Amino acid sequence: MQTWTHLAPVILTDAVYFRYVPSDQSFATGSAAQRSAAYLAAEQLIIQEIGAPLLPTTITGTFMWPELYGTNTIVLPHKWVTSIGRINVLEAGGTGTCGLQNDEGCHRIRDEIGYIDTHCICNLCANQCSSLGNEPYQVQITYTAGLPTGIAAGDTTLHMALAMVAEEVLKEIVDPGANPGGPGAPGVMGFSTLGYSEQHNPESIHMTAMGASARMNAAARL
């Protein structure tokens, strides 16, 4: 498990939002509180989609020791890992009780998408064990992950995607029927009215973290 949750928007503001969304429609405007809720939801969904915080963020998590599963790699739940602050290995035994003992560990980031090499940790733990037979059980890792601040500040493509997601979320609050396909913005595969019909290319509609509508697929591509 990891203990970090995104609880306040860090990119979306009214200035950013209305740069990409028309302000002359009630469902695009809402109240200040409704827009704030939509901004937070949009950022949370984009974080799920890209697998990383929108700014460099320090996160602490506890993970099972990977060699219990026949591997030596811990895969962190976030990408864009830039640094590891602390590794704490929890090992069984050594005191004659059922408790876990703490050992300082070391680390190596295999790559930025979240793979952590545990060979160094295991070797250090083995050297520090106070009695034979102690085995690592869990590892606590404090790490920093997230998009660089320059991307958050200057990537207008990211800003556009966030605004698109926020608009659809805000519609769901203010006027759900205004969303494509109606409330919930389902991914529409067919449409017909007054003798005219159309069907989306099925290859262009996928279930993203933001939803399956055509607009959310466009946001995911951005």
Side-chain angles (χ1 to χ4, degrees), residues 1-21 28 32 35-63 66 71-89 104-121 139-170 204 206-222:
M1 62 175 294
Q2 50 86 21
T3 58
W4 174 76
T5 302
H6 185 70
L7 293 177
V10 296
I11 295 179
L12 274 175
T13 62
D14 283 348
V16 173
Y17 177 68
F18 287 118
R19 191 178 303 157
Y20 303 100
V21 174
R35 290 196 304 276
S36 179
Y39 298 162
L40 175 58
E43 292 193 358
Q44 289 174 333
L45 293 170
I46 290 289
I47 288 170
Q48 291 181 45
E49 181 69 19
I50 67 175
L54 300 180
L55 288 173
T57 304
T58 299
I59 302 167
T60 298
T62 300
F63 309 90
T71 181
N72 58 16
T73 302
I74 293 174
V75 183
L76 298 178
H78 298 98
K79 303 176 184 177
W80 291 75
V81 176
T82 56
S83 66
I84 302 293
R86 180 173 183 266
I87 294 281
N88 182 53
V89 179
E104 289 293 329
C106 56
H107 70 276
R108 182 176 298 277
I109 300 176
R110 186 174 298 179
D111 56 45
E112 290 185 350
I113 63 173
Y115 289 83
I116 306 300
D117 185 5
T118 62
H119 281 300
C120 293
I121 306 171
V139 57
Q140 297 170 335
I141 304 177
T142 300
Y143 60 97
T144 299
L147 302 180
T149 54
I151 291 179
D155 188 347
T156 56
T157 303
L158 172 63
H159 298 172
M160 186 186 304
L162 285 164
M164 291 168 64
V165 178
E167 181 186 9
E168 191 159 291
V169 173
L170 188 58
S204 68
H206 304 281
M207 180 56 71
T208 72
M210 297 86 71
S213 72
R215 193 161 174 79
M216 293 305 93
N217 273 263
R221 290 192 295 272
L222 289 174

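Source: prediction; values computed, not measured.
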Suppose we screen for side chain to side chain contact (heavy atoms under 4.5 Å, CB included). Which residues come up paired with [X], at least two apart in sequence or across chains?
X      : result
Pro66  : Thr71, Ile74, Thr118
Ile84  : Leu76, Val81, Ile87, His107, Ile109, Ile116, Ile141, Tyr143
Leu147 : Ile50, Leu54, Trp80, Ile151, Leu158
Gln48  : Leu45, Ala209

If you compare all heavy atoms of [X] against all heavy atoms of [Y], which two are closest, and at what distance to 0.1 Å?
X      : Y      : result
Pro53  : Ala145 : CG-O, 3.7 Å
Val169 : Ala41  : CG1-CB, 3.9 Å
Ala8   : Leu40  : N-CD1, 3.5 Å
Gly146 : Ala52  : CA-CB, 4.4 Å
Ala166 : Ala38  : O-CB, 3.7 Å

Those residues at least two apart in sequence (or on a different chain) that pass salt bridge (charged side-chain N to carboxylate O under 4.0 Å, His left out) with Glu167 are Arg215
Open item on the list: Using side-chain heavy atoms (C-beta onward) and a distance below 4.5 Å, is Pro77 in contact with Trp4?
Closed with: no
Side chains of Ile46 and Val165: does their closest heavy-atom pair fall under 4.5 Å?
yes
Taken to the nearest 0.5 Å, the spacing of Leu55 CG from His6 NE2 works out to 8.0 Å
When rounded to the nearest 0.5 Å, the distance separating CE of Met216 from OG1 of Thr208 is 7.5 Å
Backbone N or O of His159 within a donor-acceptor pair of the Thr156 side chain at under 3.5 Å? no
Check your understanding: Any donor and acceptor pair, going by atom type alone, linking the side chain of Thr157 with main-chain N or O of Asp155 inside 3.5 Å?
Key -> no
Quick test of your reading: applying salt bridge (charged side-chain N to carboxylate O under 4.0 Å, His left out), list the pairs with at least one residue in [range], sequence neighbours left out, ordered by first then second residue.
range          : answer
residues 72-87 : Arg86-Glu104
residues 38-56 : none
residues 9-18  : Asp14-Arg35

| message | Is it the case that over 12 heavy atoms from other parts of the model lie below 6.0 angstrom from the OH atom of Tyr20? | response | yes
For [X], all residues meeting side chain to side chain donor-acceptor pair (under 3.5 Å), sequence neighbours excluded:
X      : result
Thr142 : Thr60
Thr73  : Arg110
Thr58  : Thr144

Between Thr82 and Glu112, does any side-chain donor sit less than 3.5 Å from a side-chain acceptor? no
Check step by step if side chain to side chain contact (heavy atoms under 4.5 Å, CB included) holds for Val16 and Leu162.
CA-CA 9 Å; Val16 173; Leu162 285 164; over 6 Å; no
For residues 37-56, the ring pair (Phe, Tyr, Trp, His ring centres under 6.0 Å) pairs (sequence neighbours left out) are Tyr17-Tyr39
